[in-house]
Amino acid sequence: MTTRRHLLSSADLTPREIAGLLAFAAKLKAEPRRLVPGKQLALLFEKPSLRTRVSFQVAMRHLGGETIYLAPQEVGLGEREAIKDVSRVLARYVDIVAVRTYGQVIVEEYASYSSIPVINALTNEEHPCQALADLLTLQEKWGSLAGRTIAFIGDGNNVARSLVLTAAALGMHVRIATPRGYWLPDWVMEEASRRARETGGSFTPLVDPAEAARGADALYTDVWTSMGQEREAERRRIDFAGYQLNRQLLELAAPGAFVMHDLPAHRGEEITDEVIESPQSIVFDQAENRVWAQAAVVAFLLGAAPEF
Ligand code: CP
Ligand code: NVA
């Protein structure tokens with residue numbers, strides 16, 4: 001066991017660190033720097049990925065380091081080999097690891113045995129790198145985030161959890177509309193409320209998507225069925241029927257409100273083709289900013305970032 005710093009949950013970062021990471025990411029984007037020359041990042045992935053994998057690889061190249069990708073089925077985390085053994089072996093080869101897996105408990109157990117920093121590259125419960133890239137994107141658009149309203153419409157899933165924890169730390173007004181039974185866990189709601197109180201923002205959990213969308217500066221949605229939940233897809237299509245991000249919902253938001261999605265998107269389910277293709281959509285800016293948010297995180301965890 002070590003006291004090594006990891007990024008497993010968005011709650012691991014203080015509001016000050018989140019703001020610092022966003023400012024640092026913006027600087028790296030404007031002027032990439034070889035801050036971790038020769039360092040090796042392992043990408044240990046148990047689920048498919050386009051954005052997370054490629055953006056970490058590109059980020060590491062900008063930083064002067066290298067990556068090793070381990071695809072689903074290759075390592076057999078906890079099946080071919082005990083999590084604690086994989087963790088200790090990889091730490092002998094590389095300097096930092098990003099893990100994409102199922103339960104948050106897996107990444108927590110992995111990190112508890114790791115002498116190198118561990119980054120959550122998506123679990124069933126959280127997606128902290130996504131949230132940093134999303135807030136970096138909004139900060140670029142608006143200059144400042146405090147006082148702006150963001151509304152997440154859909155499942156209280158990994159993306160929603162990390163988004164509310166991160167946005168509430170930046171003085172934003174955060175709303176989320178989920179169907180009954182798909183809420184965020186209590187601890188996330190309590191932590192988001194606590195952070196919002198500290199930063200002058202607010203956190204409002206709702207059931208009605210229209211109430212969440214009304215007057216909001218950005219509307220965010222994600223798939224109704226996440227990776228690993230495929231067997232629930234039919235049930236979820238019924239439960240989320242009124243939660244589509246479509247033109248009617250967008251018209252309730254502030255004029256020019258941004259449309260956000262972490263991708264991959266299921267057009268015709270959680271979002272219409274018309275809305276995701278509209279000029280208000282910033283989904284590809286979000287995807288691009290994964291590179292810079294993650295470059296900042298890697299440099300920070302390797303001790304190569306400025307003091308925040
Ligand atoms: N948004 C995101 O994490 O995409 P991938 O699953 O393709 O990495
Ligand atoms: N909630 C989605 C996010 C994909 C990036 C999933 O977990 O499948």
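In this text, all values refer to a predicted model and were calculated from it rather than measured experimentally. Each ligand, and each atom within it, is numbered from 1 in the order the structure gives.
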Engineer: Name the residues in contact with ligand 1, where contact means a heavy atom under 4.0 Å away: which are they?
Structural biologist: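 Within 4.0 Å of ligand 1, protein side: Ser49, Leu50, Arg51, Thr52, Arg100, His127, Gln130, Asp262, Leu263, Arg290.
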Engineer: Measure the acute angle between the ring planes of Phe308 and Phe24, then classify it against the limits of 30° and 60° as parallel, tilted or perpendicular.
Structural biologist: tilted
Engineer: Are Thr221 and Glu270 close enough that a side-chain donor and a side-chain acceptor fall under 3.5 Å?
Structural biologist: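 No donor-acceptor contact under 3.5 Å links the two side chains.
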Engineer: Anything with a heavy atom under 4.0 Å from ligand 2 counts, so go ahead and list those protein residues by chain and number.
Structural biologist: Leu122, Asn157, Asn158, Val159, Asp222, Val223, Ser226, Met227, Asp262, Leu263
Engineer: Taking distance alone, no hydrogens or angles, what donor-acceptor pairs closer than 3.5 Å link side-chain atoms of residues 248-257 to residues at least two apart or in another chain?
Structural biologist:
none

Engineer: Work out which heavy atom in Leu263 is nearest to a heavy atom in Phe284; give both atom names and the distance.
Structural biologist: CD1-CE2, 4.0 Å
Engineer: How far apart are the closest heavy atoms of Val174 and Ala167, and which atoms are they?
Structural biologist: CG2-CB, 3.7 Å
Engineer: Minimum heavy-atom separation for Ala169 and Ile18, please, with both atom names.
Structural biologist: CB-CD1, 3.7 Å
Engineer: Side chains of residues 128-141: which donor-acceptor pairs under 3.5 Å do they make with residues two or more places apart or in other chains?
Structural biologist:
from   : atom 1 : to     : atom 2 : distance (Å)
Gln130 : OE1    : Arg290 : NH1    : 2.9
Gln130 : NE2    : Asp134 : OD1    : 2.9
Asp134 : OD1    : Gln286 : NE2    : 2.9
Asp134 : OD2    : Tyr220 : OH     : 2.7
Thr137 : OG1    : Ala133 : O      : 2.6
Thr137 : OG1    : Asn289 : ND2    : 3.0
Glu140 : OE1    : Asn289 : ND2    : 3.1
Glu140 : OE2    : Lys29  : NZ     : 2.7
Lys141 : NZ     : Asp285 : OD2    : 2.9

Engineer: Can you confirm if the NZ or CZ of Arg53 lies within 45° of the ring axis of Phe45 and under 6.0 Å from the centre of its six-membered ring?
Structural biologist: no
Engineer: Restricting to non-hydrogen atoms, name the atom on Leu165 and the atom on Arg195 that form the minimum distance, rounded to 0.1 Å.
Structural biologist: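 Result for this residue pair: O-NH1, 3.2 Å.
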